[in-house]
Amino acid sequence: MVAIYCIKFTQQDFAYDLTGYLSSLAVNANPAYVQQTLTFFRTQCLDFYPETFLKKTLPFRIILAAHLDTITNLNNKPSDTSRSLSGFTASHNMMAIGWADSTLQQRTPDQLRQTKGYMNRCYFQQALLSGALAIPDVFMKLGPAGGYQLVNGYQPEKGIIEAPSSEDNGRLASATWDFLCYINAITGHTKAELDATILSPSVDVNRKIQEKYNALINYYKTQHGVDLQAIGNHL
């Protein structure tokens, strides 16, 4: 259960993946904020995962960056860059945390909860990419009728809690995207917040969201000893 933490790296080191390069840029960490970022990662993510789960899923490399930028390509040329909304990205053998600068300590409690959700989402994303985890069958069986190709927006009546994007490969409608949306929602919100929003009968009119929520909560508790909602309730 050992990961390699990197705070100094080249763009090629960061972006190289087994099948190509990531469409994002990373800036080297500010050393003054590395410990703060590591503490946030440990207390809001790793501390909630039992040792057996960490041995199975801990990324081979964890890159600490001052920030990550998304790239919009036009004719294969970088045309626009802006700070990544989530501040996290993953590849087959790496997870990148783009908060090793002063901005993390400037975030409000609500923003920190949002960041925590994105962080746990990225952890699971990397575990899926590496093959350490697979989407539980019990969740797969609850996918939308007709398949994800018919998903065209936020559709809570079908159990879809985020709008997909055809312009972002990471947000194309798919079982993986749907699964990660739920990981994000659960770990980034308290149960009370979820009950008042996506789990409320006025939103979840067909109880599809509740079914998926229950499936993930029960699966990770019983199979891996991970309480996803405890992460959301923390902080």
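It should be emphasised that the depicted structure is a prediction, and the values quoted were computed from it without experimental measurement. Residue numbers run from 1 in the order of the sequence given. Note: hydrogens, waters and symmetry copies are ignored here, and every other heavy atom, side chains too, is used.
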What pairs with H92 under ring-ring contact (aromatic ring centres under 6.0 Å, His included), at least two apart in sequence or on another chain?
none
Listed partners of F139 passing ring-ring contact (aromatic ring centres under 6.0 Å, His included), at least two apart:
F179, Y182
Heavy-atom closest contact (L128 atom, T176 atom, distance):
CD1-CG2, 3.9 Å
Shortest non-hydrogen pair, T187 vs G117, comes out as OG1-CA, 3.5 Å
For [X], all residues meeting side-chain hydrogen bond (donor to acceptor under 3.5 Å, both in side chains), sequence neighbours excluded:
X: D110; value: R113
X: Y33; value: none
X: Y21; value: Q12
X: S130; value: none

Going by the rule salt bridge (charged side-chain N to carboxylate O under 4.0 Å, His left out), which residues pair with K56 if we only count those two or more places apart in sequence or in a different chain?
none
Applying salt bridge (charged side-chain N to carboxylate O under 4.0 Å, His left out), can you list everything that pairs with K116, at least two apart in sequence or on another chain?
none
Looking only at the side chains, is there a donor atom on one of [X] and [Y] sitting less than 3.5 Å from an acceptor on the other?
X: T115; Y: R107; result: yes
X: N93; Y: Y16; result: no
X: D227; Y: Y220; result: no
X: S202; Y: S200; result: yes

Can you tell me how far the [atom1] atom of [X] sits from the [atom2] atom of [Y], to the nearest 0.5 Å?
X: N120; Y: I231; atom1: CG; atom2: CD1; answer: 4.5 Å
X: F53; Y: L46; atom1: CZ; atom2: CG; answer: 10.5 Å
X: I160; Y: Q155; atom1: CD1; atom2: CD; answer: 6.5 Å
X: I183; Y: L228; atom1: CD1; atom2: CG; answer: 5.0 Å

Would a single hydrophobic cluster contain both I217 and L142, if residues Ile, Leu, Val, Met, Phe, Trp and Tyr are joined by side-chain heavy-atom contacts under 4.5 Å?
no
Is it the case that one hydrophobic cluster holds both F9 and L22, taking links as side-chain heavy atoms less than 4.5 Å apart, direct or via other members?
yes
Lys/Arg-Asp/Glu bridge criterion (N-O < 4.0 Å) met for D204, K208:
no
Determine, for E211 against R207, whether the closest basic-nitrogen to carboxylate-oxygen distance falls under 4.0 angstrom.
no
If a pair satisfies salt bridge (Lys or Arg N to Asp or Glu O under 4.0 Å) and one of its residues is in [range], list it, with sequence neighbours excluded.
range: residues 13-39; result: none
range: residues 34-49; result: R42-D47
range: residues 141-160; result: none

Go through R121 and C181 one step at a time and tell me if the side chain to side chain contact (heavy atoms under 4.5 Å, CB included) criterion holds.
CA-CA 8 Å; R121 176 184 187 147; C181 289; 3.8 Å; yes
Under 6.0 Å between ring centres, would you say that holds for H224 and Y219?
yes
With side chain to side chain donor-acceptor pair (under 3.5 Å) as the criterion, how do T57 and Y49 come out once you've worked through the C-alpha distance, each side chain's angles and the decisive distance to 0.1 Å?
CA-CA 10 Å; T57 61; Y49 300 152; over 6 Å; no
So, the side chain of [X] versus the backbone of [Y]: is there a donor-acceptor pair under 3.5 Å, distance only?
X: H234; Y: A230; answer: no
X: Q125; Y: C122; answer: no
X: N233; Y: K191; answer: yes
X: Q11; Y: S24; answer: yes

If you group Ile, Leu, Val, Met, Phe, Trp and Tyr whenever their side-chain heavy atoms sit less than 4.5 Å apart, what else falls in with F60?
I4
With a 4.5 Å heavy-atom cut-off, do W99 and F88 have their side chains touching?
yes
